[in-house]
2 protein chains.
Amino acid sequence: MCCESRFLEALHDRGLRLTPQRERILAILHEMDGHATAEQIYERIVAQNPSMDISTVYRTLELLQMLQMVGCIDVGGQRRYELLSLHGAHHHLYCRICGQLLRVEAQEMQPLIEHLAQLSGFEADPEHLIIPGLCEECRHRVAVSP
Amino acid sequence: MCCESRFLEALHDRGLRLTPQRERILAILHEMDGHATAEQIYERIVAQNPSMDISTVYRTLELLQMLQMVGCIDVGGQRRYELLSLHGAHHHLYCRICGQLLRVEAQEMQPLIEHLAQLSGFEADPEHLIIPGLCEECRHRVAVSP
DNA sequence: GTAGATGCAAATGTTTTGCAACTAG
DNA sequence: CTAGTTGCAAAACATTTGCATCTAC
């Protein structure tokens with residue numbers, strides 16, 4: 001796990017503590033490799049440790065966001081979290097049929113971002129844009145049965 | 001009101017009915033000119049007609065979305081609705097400091113959409129994309145006081 | 001020992017649903 | 001008339017909070 005020592009240090013700097021629950025949540029975030037909901041993280045942990053509470057998951061995710069270790073995106077009325085250290089800067093394609101999230105490298109969006117800046121002085125975030133649409137499979141499925 | 005007759009026709013085609021509640025919600029959507037939450041629409045109506053229920057607002061908004069007369073975007077954990085007939089196809093720039101939504105013509109995004117289709121077979125929605133970032137004013141304000 | 005963290009239960013806020021009563025066509 | 005619609009109340013979600021208990025340090 002690449003960032004546990006960073007976590008520990010960040011906690012200590014603030015007078016906060018490394019608990020087994022926090023370790024477990026960080027480990028799960030590594031395992032899941034992105035786009036997990038709080039509920040999904042919680043379920044994985046409860047399987048082994050039934051006493052874990054979902055409020056602890058939320059509190060830890062909030063903490064990790066504050067420490068800039070976890071990013072959060074808001075799709076389809078729910079939040080999904082991912083460890084920032086696992087992937088480079090990227091955006092998301094959100095399939096509004098199957099709910100799948102695809103990653104797109106940040107650079108693919110660069111021309112658009114420059115265009116918008118020129119057009120209206122708007123400085124688009126260089127990461128975590130969510131583009132809704134249809135993924136390839138769902139697009140075909142819809143085309144076949146209209 | 002430009003689209004009431006279209007609404008009536010679409011309803012009749014499906015054996016559905018035009019009720020005073022549906023008329024009222026459509027009228028409010030015209031008045032509000034975009035980006036209203038269900039709660040905001042509900043409040044406006046309750047002021048004159050206290051018996052209206054918010055579930056009727058949700059049901060009508062869902063219906064209008066199904067009829068492609070209303071679009072829905074998901075920003076900052078809440079949904080906002082707008083009448084599609086009021087503006088041409090467009091996307092949104094969402095300033096995450098002041099919360100303002102700016103409209104961008106759909107054509108400005110066309111090159112990106114084609115690029116994504118080529119890259120991963122993803123068919124991005126031609127409308128209602130939300131791009132978070134900083135509007136010109138907030139960008140300057142932030143630059144001055146870091 | 002003690003500030004900080006946890007688990008529990010209950011509150012929150014938003015959206016959805018079941019259902020009996022009502023009404024547009 | 002009657003299928004569709006409404007208002008109401010309650011459920012369903014996702015998320016947050018208050019608090020007594022517990023624990024990392």
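Numbers restart at 1 for each chain; the letters A, B, ... are given by sequence-line order, proteins then strands.
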Legend entry - N/O (side chain, Y58(A)) to phosphate O (OP1/OP2, dT15(D)) under 4.0 Å: yes
Inset, instruction - Please check if the side chain of R22(B) supplies one atom and the backbone of R17(B) the other of a donor-acceptor pair under 3.5 Å. - result: yes
Legend entry - Residue-phosphate contact under 4.0 Å: S55(A) side-chain N/O, dT16(D) OP1/OP2: no
Legend entry - Residue closer to the 5' end of DNA chain C, I54(B) versus M52(A) (nearest nucleotide): M52(A)
Legend entry - Bend angle of the helix from dG1(C)-dC25(D) to dG25(C)-dC1(D), end axes from five pairs each (to 10°): 30°
Legend entry - Rounded interatomic separation in angstrom, taking CD from Q40(A) and P from dC13(D): 15 Å
Inset, instruction - Return the value, rounded to whole Å, for the distance between atom CZ of R14(B) and atom C1' of dA24(C). - result: 18 Å
Legend entry - H91(B) side chain to P126(B) backbone, donor-acceptor under 3.5 Å: yes
Legend entry - For atom CG of D53(B) and atom P of dG7(D), their distance in whole Å: 6 Å
Legend entry - Gap separating the CD1 atom of I130(B) from the CG atom of L129(A), nearest 0.5 angstrom: 9.5 Å
Legend entry - From CD1 (I73(A)) to CZ (R79(A)), nearest 0.5 Å: 12.5 Å
Inset, instruction - Measure the CD1-OH distance between I41(A) and Y81(A) for me, rounded to the nearest 0.5 Å. - result: 8.0 Å
Inset, instruction - Could you run through nucleotides 20-25 of chain D and give me one letter per nucleotide, 5' to 3': B if any protein heavy atom sits under 4.0 Å from the base, S if only the sugar-phosphate is that close, - if neither? - result: ---BBS
Inset, instruction - Could you walk me through whether E62(B) and R59(B) pass the salt bridge (charged side-chain N to carboxylate O under 4.0 Å, His left out) test, one step at a time? - result: CA-CA 5 Å; E62(B) 199 191 340; R59(B) 285 191 272 230; over 6 Å; no
Legend entry - From CD1 (I25(B)) to CD1 (I28(B)), nearest 0.5 Å: 9.0 Å
Legend entry - Those residues of residues 62-73 of chain B lying under 4.0 Å from DNA chain D by at least one heavy atom: none
Inset, instruction - Find the distance E23(A):CD to dT6(C):P and express it as a whole number of Å. - result: 11 Å
Inset, instruction - State, with a plain yes or no, whether a side-chain heavy atom of T60(A) is found less than 4.5 Å away from one of Q21(A). - result: no
Legend entry - Separation between CG of L63(A) and OG1 of T56(A), rounded to the nearest 0.5 Å: 12.0 Å
Inset, instruction - For Q40(A) and T37(A), indicate whether the former's side chain and the latter's backbone hold a donor-acceptor pair under 3.5 Å. - result: yes
Inset, instruction - For the residue pair L26(B) and L83(B), establish whether any side-chain heavy-atom pair is separated by less than 4.5 Å. - result: yes
Legend entry - Between dC8(D) (C1') and Y42(B) (OH): distance, integer Å: 11 Å
Legend entry - Value in whole Å for how far the C1' atom of dC8(C) lies from CG of N49(A): 15 Å
Legend entry - Protein-nucleotide distance (L61(B), atom CG; dT6(D), atom P), rounded to Å: 12 Å
Inset, instruction - Please state whether the phosphate of dT16(D), meaning OP1 or OP2, lies under 4.0 angstrom from any side-chain nitrogen or oxygen of R79(A). - result: yes
Inset, instruction - Can you check whether any acceptor in the base of dG4(D) is under 3.5 Å from a donor in the side chain of R59(B), or vice versa? - result: no
Inset, instruction - Mind checking the NE2-CD spacing from H87(B) to E127(B)? Nearest 0.5 Å is all I need. - result: 11.5 Å
Legend entry - 5' priority, DNA chain D, between P50(B) and R22(B) [closest heavy atom]: R22(B)
Inset, instruction - Calculate the interatomic distance between I45(A) atom CD1 and dT6(C) atom C1'; express it in whole Å. - result: 13 Å
